[in-house]
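Both counts, for ligands and for their atoms, begin at 1 and track the order of listing.
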Amino acid sequence: MSTSPRAKQDLEDSPAKRLKLDTEMPPPSDPRMPVFDRGLYLAPMVRIGSLPSRLLALEYGADLVWTPEIVDRAIMGTTRRVNASTGLVEFMKGDKQIFSCHPIERPYLIYQVGSSTPENAAEAVRIVTAHDDVAGVDLNCGCPKPFSTLGGMGANLLTEPDLLCDILRQMRRAAPPHVSVTCKIRLLPTQAETLALVEQIVRTRTIRALTIHCRTKPMRPREPALVDRFREIAAHVAKVAAETGQDVPVIYNGDCFGAGDAPRLRERTGASAVMMARAAELNPSCFRPRRACVATVIAPRWMHYAIHFDNPFGNTKYCVTQLAFSTMAGARESEGERVSPLPKRELIRIRTELSQARTHEDMARTLGLPWPLDTSEALALLRQALDQR
Ligand SMILES: Cc1cc2nc3c(=O)[nH]c(=O)nc-3n(C[C@H](O)[C@H](O)[C@H](O)COP(=O)(O)O)c2cc1C
């Protein structure tokens, strides 16, 4: 009796077949993959995690940097182009830059995919890895914002674990062997549900690391992260990983406000590594124990990168005006630490003028930079910082 194509497909999709595929799949352990078992990482942040922010985070000590979530359909249909003089790589749709990156960040760069369709996620991975532009690809399973969840993406995947795991399998198959696949989740309402979810994910034998943002989907950023739920989840991941012949580091995320916070959080949670978002949005030098002044150091450095790589102006203005132009570090770990030599009224003037700027030139002049700005040495400090690693 011959099997119909539909019946054959059903057989291939059956849980038994899938389980077999998972155990047949070699665990992802290519030595060329990035290392996730230590360090302090820049979290994925829509708009904020553009090229200049990532380069600054690396310059100031971030061990790995995530791109913002880029929805699969956004990168599909793009054309890749390389700027021969700066090395900038851009993925373009018409005149619109969908994603940009630079070879200097390649070993540290994790590209985050937004998806609810295994085929599209795989296509996004193929596009972004075709020229070896990134070290890893990550699936966003944590974003609670409507633009992500309405399409069934982001945090909605947490309650569709079979689909989530299918997406990871397709991403793993689409990625070259030396490119890692990882996944970023939030907590489910109960610990038991969360343990079951991470177990199912780890059993796919597709991921090189798992990031857990210790908030549930309805929790707002101002609500304290549920730090103490992490340790048991990380222990469960380690147990399932060991049973299935893998090593899956678990990255802690939620309310780490600076390099000084990280050892305490690692100790409290047992995490392999720690990821920071809002602290880096305010000041990307938060990866160092002592923050640099936004007005006199960080914003000018941001402008050097932005102008050198002709960053889209709307993005530059958004990111630079989100920086913390403050006299104090303003973060919990270093309350009382003065970071700016400028008086408060000068910081207010700069912030006001930046919010009214219409060009990169306006912004550079507001920050006291010469115009035209010589950016020929834009990458020198970053090269130096990376050489010292
Ligand atoms: C401006 C902004 C944009 C974000 N965009 C993303 C995103 O694209 N993908 C994602 O997985 N999480 C995103 N997040 C969530 C962060 O990655 C992180 O999980 C969350 O902010 C908790 O970390 P924190 O306490 O260090 O801020 C975003 C957060 C912020 C503040």
Side-chain angles (χ1 to χ4, degrees), residues 39-51 53-54 57 62 64-72 74-75 98-99 109-116 121 124 136-149 151 153-158 164 167-168 171 181-187 207 209-227 229-230 250-262 264-266 268-269 271 273-284 286-287 315 317-324 330-333:
L40 204 46
Y41 306 153
L42 175 69
M45 280 185 277
V46 164
R47 295 188 76 188
I48 295 292
S50 55
L51 178 65
S53 292
R54 300 196 305 267
L64 294 173
V65 292
W66 264 246
T67 70
E69 175 196 61
I70 298 169
V71 169
D72 50 18
I75 202 84
I98 303 294
F99 171 57
L109 182 59
I110 312 297
Y111 175 94
Q112 194 185 57
V113 178
S115 186
S116 58
V137 289
D138 184 67
L139 178 64
N140 180 0
C141 309
C143 184
K145 296 266 166 65
F147 72 83
S148 197
T149 53
M153 299 179 286
N156 270 14
L157 289 173
L158 299 173
L164 188 168
I167 296 174
L168 288 175
M171 286 173 67
V181 173
T182 53
C183 173
K184 178 168 177 276
I185 64 168
R186 281 188 174 227
L187 299 174
I207 56 165
L210 175 70
T211 305
I212 302 176
H213 173 194
C214 281
R215 287 190 176 84
T216 58
K217 188 175 156 194
M219 283 176 76
R220 301 280 66 101
R222 64 176 179 281
E223 295 177 68
L226 304 172
V227 183
R229 282 188 53 185
F230 186 91
V250 193
I251 302 160
Y252 174 81
N253 172 232
D255 294 347
C256 181
F257 294 110
D261 268 357
R264 177 184 60 78
L265 279 165
R266 226 176 272 126
R268 185 165 158 196
T269 61
V274 177
M275 176 184 268
M276 284 193 278
R278 288 165 299 161
E281 177 182 21
L282 295 174
N283 189 335
C286 63
F287 296 94
N315 180 263
K317 183 168 169 177
Y318 177 73
C319 294
V320 173
T321 54
Q322 293 301 111
L323 294 169
R332 223 182 282 160
E333 59 137 352

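- For ligand 1, the protein residues placed under 4.0 Å by at least one non-hydrogen atom are A43, P44, M45, V46, E69, Q112, N140, K184, H213, R215, N253, G254, D255, M276, A277, R278, E281.
- Side-chain N or O atoms of T216 include none that pairs as donor or acceptor with a backbone N or O of L187 at under 3.5 Å.
- In this structure, D138 contributes its side chain and C183 its backbone to a donor-acceptor pair below 3.5 Å.
- A side chain to side chain contact (heavy atoms under 4.5 Å, CB included) with L139 is found for one member of I167, I207, T182, I185 and no other, namely I167.
- Closest of all the heavy-atom pairs between R47 and N315 is O-ND2, 2.8 Å.
- Applying the salt bridge (Lys or Arg N to Asp or Glu O under 4.0 Å) rule to pairs touching residues 274-284 yields D255-R278, sequence neighbours excluded.
- Defined by atom type and a distance below 3.5 Å, a donor-acceptor pair is missing between the side-chain atoms of N156 and T149.
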